[in-house]
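Keep in mind the model is a prediction, meaning the values are calculated, not measured. Heads up: numbering here begins at 1 and tracks the sequence.
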Amino acid sequence: MVVYCAKQGVEQKISFEDFLSAMLSDYECAYACGLAARLLKLDVAKQTELSALKSLVEEALPKQMEELDFRIRNLFRLIGDYTLSGQENEMEEIKELIRMGFMEAGYDQYMG
């Protein structure tokens, strides 16, 4: 149940044009980073730790985001603003959320 709540939390937060939200947990961050990795076409097969994946995503974020759809800008902003709690030590839920985000094709259309 935790994984679906985290997924829904991220999807709700990025859906508002007037961005006001922040991620609340490493669970949300795991889904967001998986989704961002997909959109940025990153290879996440070797990234088993959330901290490593978050760093990889942050390095790949585009410098200019004005042209991107607001949902994608919001997603990238969520990731950049979040500080990991450090309690992500190979938890199965974290791995599942990364996988769920990476497999989510619903936002591909917004990358242009």
Side-chain angles (χ1 to χ4, degrees):
M1 181 147 153
V2 169
V3 294
Y4 295 104
C5 290
K7 178 182 185 291
Q8 288 177 337
V10 170
E11 290 177 349
Q12 286 294 315
K13 289 171 181 156
I14 66 174
S15 69
F16 296 104
E17 282 196 61
D18 294 331
F19 182 77
L20 300 171
S21 225
M23 281 196 285
L24 302 175
S25 69
D26 287 0
Y27 295 111
E28 288 183 346
C29 187
Y31 177 76
C33 284
L35 179 56
R38 176 190 178 88
L39 296 171
L40 295 166
K41 297 177 177 33
L42 300 176
D43 180 14
V44 298
K46 297 175 185 145
Q47 302 301 329
T48 58
E49 292 185 14
L50 180 56
S51 56
L53 178 58
K54 185 175 184 298
S55 294
L56 184 69
V57 166
E58 288 176 328
E59 289 173 17
L61 292 176
K63 303 296 182 233
Q64 299 296 322
M65 290 197 244
E66 294 79 27
E67 300 297 319
L68 296 174
D69 183 88
F70 73 89
R71 294 165 195 87
I72 305 306
R73 287 193 315 263
N74 290 348
L75 174 68
F76 292 164
R77 191 178 303 161
L78 278 175
I79 294 167
D81 290 347
Y82 185 70
T83 302
L84 293 171
S85 70
Q87 299 184 14
E88 44 111 356
N89 297 331
E90 302 204 30
M91 295 172 21
E92 282 305 311
E93 291 93 350
I94 295 291
K95 291 177 184 177
E96 177 65 12
L97 283 158
I98 292 169
R99 188 195 65 73
M100 286 171 63
F102 194 75
M103 300 305 293
E104 176 60 57
Y107 295 94
D108 291 358
Q109 63 185 331
Y110 300 119
M111 281 301 285

| field | Criterion side chain to side chain contact (heavy atoms under 4.5 Å, CB included) on I14 and Y107, from CA distance to verdict | value | CA-CA 11 Å; I14 66 174; Y107 295 94; 3.7 Å; yes
| query | Looking at CD of E11 and CD of Q8, how far apart are the two atoms once the value is rounded to the nearest 0.5 Å? | reply | 7.5 Å
| said: Tell me whether M111 shares a hydrophobic cluster with F70, the cluster being built from Ile, Leu, Val, Met, Phe, Trp, Tyr side chains joined at under 4.5 Å. | reply: no
| said: Looking at D108, I want to see if its CG is surrounded by more than 12 non-hydrogen atoms of other residues, nucleotides or ligands under 6.0 Å. | reply: yes
| Linking I/L/V/M/F/W/Y whenever their side-chain heavy atoms sit closer than 4.5 Å, directly or via other members, would M91 and L53 fall into one cluster? | yes
| note | Taking every heavy atom of A32 against every heavy atom of M23, the minimum-distance pair comes out as CB-SD, 4.0 Å
| task | May I ask you to test the F76-P62 pair for a side-chain heavy-atom distance under 4.5 Å? | result | yes
| Between E96 and M100, does a side chain to side chain contact (heavy atoms under 4.5 Å, CB included) hold up when you go through it step by step? | CA-CA 6 Å; E96 177 65 12; M100 286 171 63; 3.7 Å; yes
| field | Inter-residue atom distance C29.SG - L24.CG, 0.5 Å rounding | value | 11.5 Å
| query | Can you list the steps and then say if L35 with F102 is a side chain to side chain contact (heavy atoms under 4.5 Å, CB included)? | reply | CA-CA 5 Å; L35 179 56; F102 194 75; over 6 Å; no
| note | Between the CD atom in E17 and the CZ atom in R73, the distance rounded to the nearest 0.5 Å is 8.5 Å
| request: Verify, without hydrogens or angle tests, whether K7 (side chain) and L97 (backbone) share a donor-acceptor contact under 3.5 angstrom. | output: no
| query | Roughly how far, to the nearest 0.5 Å, is the OG atom of S21 from the CD atom of E28? | reply | 8.0 Å
| said: Within the 4.5 Å heavy-atom criterion, are Y31 and E104 side-chain neighbours or not? | reply: yes
| request: May I ask you to test the K54-E58 pair for a side-chain heavy-atom distance under 4.5 Å? | output: yes
| said: Quick check: do D43 and L56 have side-chain heavy atoms less than 4.5 Å from each other? | reply: no
| request: For residues Y82 and D26, determine if any side-chain heavy atom of one lies less than 4.5 Å from a side-chain heavy atom of the other. | output: yes
| task | Could you state whether Y110 and F16 fall into the same hydrophobic cluster, counting links through intermediate Ile, Leu, Val, Met, Phe, Trp or Tyr residues with side-chain heavy atoms under 4.5 angstrom apart? | result | no
| query | Which is it for C33 and I79 under the side chain to side chain contact (heavy atoms under 4.5 Å, CB included) test, yes or no, and what are the steps along the way? | reply | CA-CA 7 Å; C33 284; I79 294 167; 4.1 Å; yes
| What are the two closest non-hydrogen atoms of A60 and L42, and how far apart are they? | CB-CD2, 3.8 Å
| remark: Closest non-hydrogen contact found for V44 with A37 is CG1-CB, 3.3 Å
| remark: Between the OG atom in S15 and the CG atom in L75, the distance rounded to the nearest 0.5 Å is 12.0 Å
| message | Would you say CD of Q109 has more than 12 non-hydrogen atoms from neighbouring residues, nucleotides or ligands within 6.0 angstrom? | response | yes
